Amino acid sequence: MMNGKKVLFSGMQATGNLTLGNYLGALKNWVTLNEEYECFYSVVDMHSITVRQDPATLRKRARKLLTIYIAAGLDPEKNCIYYQSHVSGHAELMWILNCFTYMGELNRMTQFKDKAAKHADNINAGLFTYPVLMAADILLYQTDVVPVGIDQMQHLEITRDIAERFNNLYGDVFTIPEAYVGKVGAKIMSLQDPTKKMSKSDENPNASIYLMDDADTVARKCRRAVTDSEGVILYRDEQPGVKNLLSIYCACTGKQPEDAVREFDGQGYGALKDAVAETVNAVLQPLQAEVARIEQDKAWLDSIIKNNAEKAQYFANKTLRKVQKKVGFPERPR
Ligand code: TYM
């Protein structure tokens with residue numbers, strides 16, 4: 001509990017351009033939950049360097065991502081929106097948690113296996129211990145709930161395991177966090193291969209809708225989306241392309257899949273694709289306008305960045321001091 005509320009933590013990487021999957025699977029739920037919780041939303045730039053980045057591009061994308069959080073409807077005066085690299089507690093707690101995490105556990109992480117295969121020339125230790133930094137992010141704030149897409153569930157589980165292991169040794173130090181996964185939109189699939197998730201790092205630009213895509217681009221990508229030859233609009237696993245389009249439609253409109261299926265009864269895939277493009281644009285256009293507006297106010301944004309990093313560090317230190325004491329580090333003279 002913090003200020004009488006439960007705590008929420010979540011983060012996104014500033015790697016690549018944000019996709020509709022990031023928005024519908026995570027960011028949208030952050031906005032829904034933000035009133036109810038004391039919230040920390042981090043731009044996890046330290047995670048980003050587990051694969052090589054161009055420094056100037058990373059810096060630019062990190063700032064854009066922070067702006068997108070605000071533009072999506074998170075008030076940075078109420079929610080702690082900050083860069084992970086500005087709060088030293090993340091790395092400090094990570095070191096300690098590294099010593100309570102097993103190689104075998106990390107070896108089982110599917111994201112590590114995928115990324116190691118993709119970046120075979122750079123399988124660095126950071127890529128391997130990535131989930132420990134994520135556990136540090138979450139546990140540092142005594143987090144109760146972590147809204148994420150389905151692809152992050154395994155990392156949430158290892159976070160809980162590390163926290164429980166630590167608590168078993170030292171008493172109730174960490175709150176055990178729960179994942180929050182939305183009913184629709186928790187796994188938005190690629191428009192070109194609906195058996196794969198929509199991803200920032202997909203090489204085919206037609207596979208993903210980016211949050212900064214203009215209306216025509218969105219319409220074109222939707223029209224080109226891979227479907228099937230069944231010719232009926234049903235929400236079922238046998239039709240992954242159509243199911244994905246319906247998921248996007250429902251996540252954008254708040255409708256239930258069965259109602260959407262009724263709405264499109266007897267219509268062709270073209271009509272579905274046009275409707276999806278229209279609802280996606282109804283979400284993205286105001287978001288983009290808001291990003292442009294916020295970007296103008298550089299001084300305000302800088303003050304937000306500074307104040308929130310200080311706030312985050314204050315709460316991070318509370319947990320960190322407790323943990324340092326538990327493991328036996330000498331007390332700091334006052
Ligand atoms: P990242 O940056 O890959 O993704 C950010 C969020 O978007 C969700 N997501 C999706 N949801 C639905 N459909 C998709 N196709 C899709 N693609 C991505 C992700 O599940 C995530 O919620 N390791 C994390 C970042 C992180 C973090 C944390 C998250 C670092 N520390 C602590 C929560 C708590 C990541 O790489 O997410």
Side-chain angles (χ1 to χ4, degrees), residues 7-31 33 39-51 53 58 61-62 64-66 68-69 72 82-85 87 90-91 93-94 97 109-112 114-115 126-127 129-141 143-160 162-163 177-202 207-211 240 243-244 247-248 250-252 312:
V7 179
L8 179 156
F9 181 95
S10 203
M12 288 196 191
Q13 289 200 63
T15 328
N17 292 317
L18 237 60
T19 72
L20 187 65
N22 297 127
Y23 181 80
L24 297 177
L27 192 50
K28 191 169 175 283
N29 295 328
W30 298 6
V31 177
L33 296 171
C39 300
F40 293 82
Y41 299 111
S42 189
V43 171
V44 294
D45 46 0
M46 287 160 68
H47 278 104
S48 294
I49 63 163
T50 53
V51 301
Q53 303 290 332
L58 178 60
R61 282 193 173 140
K64 178 75 104 191
L65 182 52
L66 193 118
I68 289 174
Y69 286 4
Y82 70 100
Y83 295 120
Q84 184 188 33
S85 64
V87 179
H90 291 255
L93 181 60
M94 185 210 183
L97 298 182
M109 296 292 116
T110 55
Q111 186 174 302
F112 170 69
D114 291 350
K115 286 204 177 171
L127 200 59
T129 57
Y130 178 114
V132 190
L133 179 57
M134 184 158 160
D137 297 344
I138 296 167
L139 300 178
L140 203 48
Y141 301 98
T143 302
D144 295 282
V145 68
V146 187
V148 282
I150 284 174
D151 63 323
Q152 294 300 320
M153 286 304 282
Q154 205 184 21
H155 291 160
L156 245 292
E157 276 154 28
I158 193 173
T159 300
R160 290 165 56 92
I162 296 168
E178 303 273 349
Y180 176 99
V181 177
K183 281 204 186 68
V184 279
K187 192 166 186 189
I188 300 296
M189 310 309 277
S190 153
L191 296 182
Q192 291 300 310
D193 177 359
T195 61
K196 263 180 27 192
K197 76 162 182 173
M198 185 180 283
S199 160
K200 283 182 264 200
S201 54
D202 203 309
S208 309
I209 293 175
Y210 300 112
L211 295 190
K243 186 180 178 192
N244 190 38
S247 296
I248 295 174
C250 290
C252 288

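Worth saying up front: this structure is predicted, and the values here are computed from it rather than measured. Just follow the structure's listing: the first ligand is 1, and inside any ligand the first atom is 1.
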### Message
Evaluate Y180 against V146 for side chain to side chain contact (heavy atoms under 4.5 Å, CB included), listing each step before the verdict.
### Response
CA-CA 6 Å; Y180 176 99; V146 187; over 6 Å; no
### Query
Parallel, tilted or perpendicular: which describes the rings of W30 and Y69, with under 30° parallel and over 60° perpendicular?
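Perpendicular: the ring planes of W30 and Y69 meet at over 60°.
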### Task
Please find out if less than 6.0 Å separates the ring center of Y141 from that of H90.
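Yes - the distance between ring centres of Y141 and H90 falls below the 6.0 Å cut-off.
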Shortest protein heavy-atom distance from [atom], along with the residue and atom involved:
| atom | result |
| --- | --- |
| atom 31 (N) of ligand 1 | D137 OD2, 2.6 Å |
| atom 36 (O) of ligand 1 | Y130 OH, 2.7 Å |
| atom 20 (O) of ligand 1 | D151 OD1, 2.5 Å |
| atom 29 (C) of ligand 1 | G11 O, 3.4 Å |
| atom 32 (C) of ligand 1 | F9 CE2, 3.4 Å |

Where's the contact between [X] and ligand 1, heavy-atom distance under 4.0 Å: side chain, backbone, both or neither?
| X | answer |
| --- | --- |
| V44 | side chain |
| N22 | both |
| T15 | neither |
| K187 | backbone |
| S199 | neither |
| H47 | side chain |

Numbering the atoms of ligand 1 from 1, which are under 4.0 Å from a heavy atom of [X]?
| X | result |
| --- | --- |
| V146 | 33 (C), 34 (C) |
| G185 | 12 (C) |
| A26 | 6 (C), 7 (O), 22 (O) |
| A186 | 11 (N), 12 (C), 13 (N) |
| G25 | 11 (N), 12 (C) |
| I138 | 32 (C), 34 (C) |

### Test item, P131 contacting ligand 1 (heavy atom, 4.0 angstrom)
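Not so, P131 does not reach ligand 1.
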Find out whether [X] and [Y] are in side-chain contact, i.e. whether some heavy atom of one side chain is under 4.5 Å from a heavy atom of the other.
| X | Y | result |
| --- | --- | --- |
| D137 | Q84 | yes |
| L18 | Y23 | no |
| I150 | V181 | yes |
| L8 | T143 | no |
| H155 | Y130 | yes |
| I49 | L58 | yes |
| V44 | T15 | no |
| P177 | T159 | yes |

Looking only at N/O atoms, are [X] and ligand 1 under 3.5 Å apart anywhere?
| X | value |
| --- | --- |
| P147 | no |
| K197 | no |
| I188 | yes |
| H155 | no |
| Q13 | yes |

### Task
Would you check if there is a donor-acceptor pair between the side chains of Q111 and D151 at a distance under 3.5 Å?
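The criterion, which ignores hydrogens and geometry beyond distance, is not satisfied for Q111 and D151.
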### Query
Taking atom types as modelled and ignoring hydrogens, do the side chains of S208 and D202 form a donor-acceptor contact shorter than 3.5 angstrom?
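No pair is found: no donor N or O on one side chain lies under 3.5 Å from an acceptor on the other.
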Nearest to [atom] by heavy atom, [options]: which?
| atom | options | result |
| --- | --- | --- |
| atom 10 (C) of ligand 1 | G21, P177, G16 | G21 |
| atom 3 (O) of ligand 1 | K200, M12, Q84 | K200 |
| atom 21 (C) of ligand 1 | Q152, M198, M46 | Q152 |

### Query
What are the two closest non-hydrogen atoms of A179 and M153, and how far apart are they?
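Answer, listing the atom of A179 first, then M153: CB-SD, 3.6 Å.
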#### Entry: Evaluation steps, side chain to side chain contact (heavy atoms under 4.5 Å, CB included), between R61 and V43
CA-CA 10 Å; R61 282 193 173 140; V43 171; over 6 Å; no
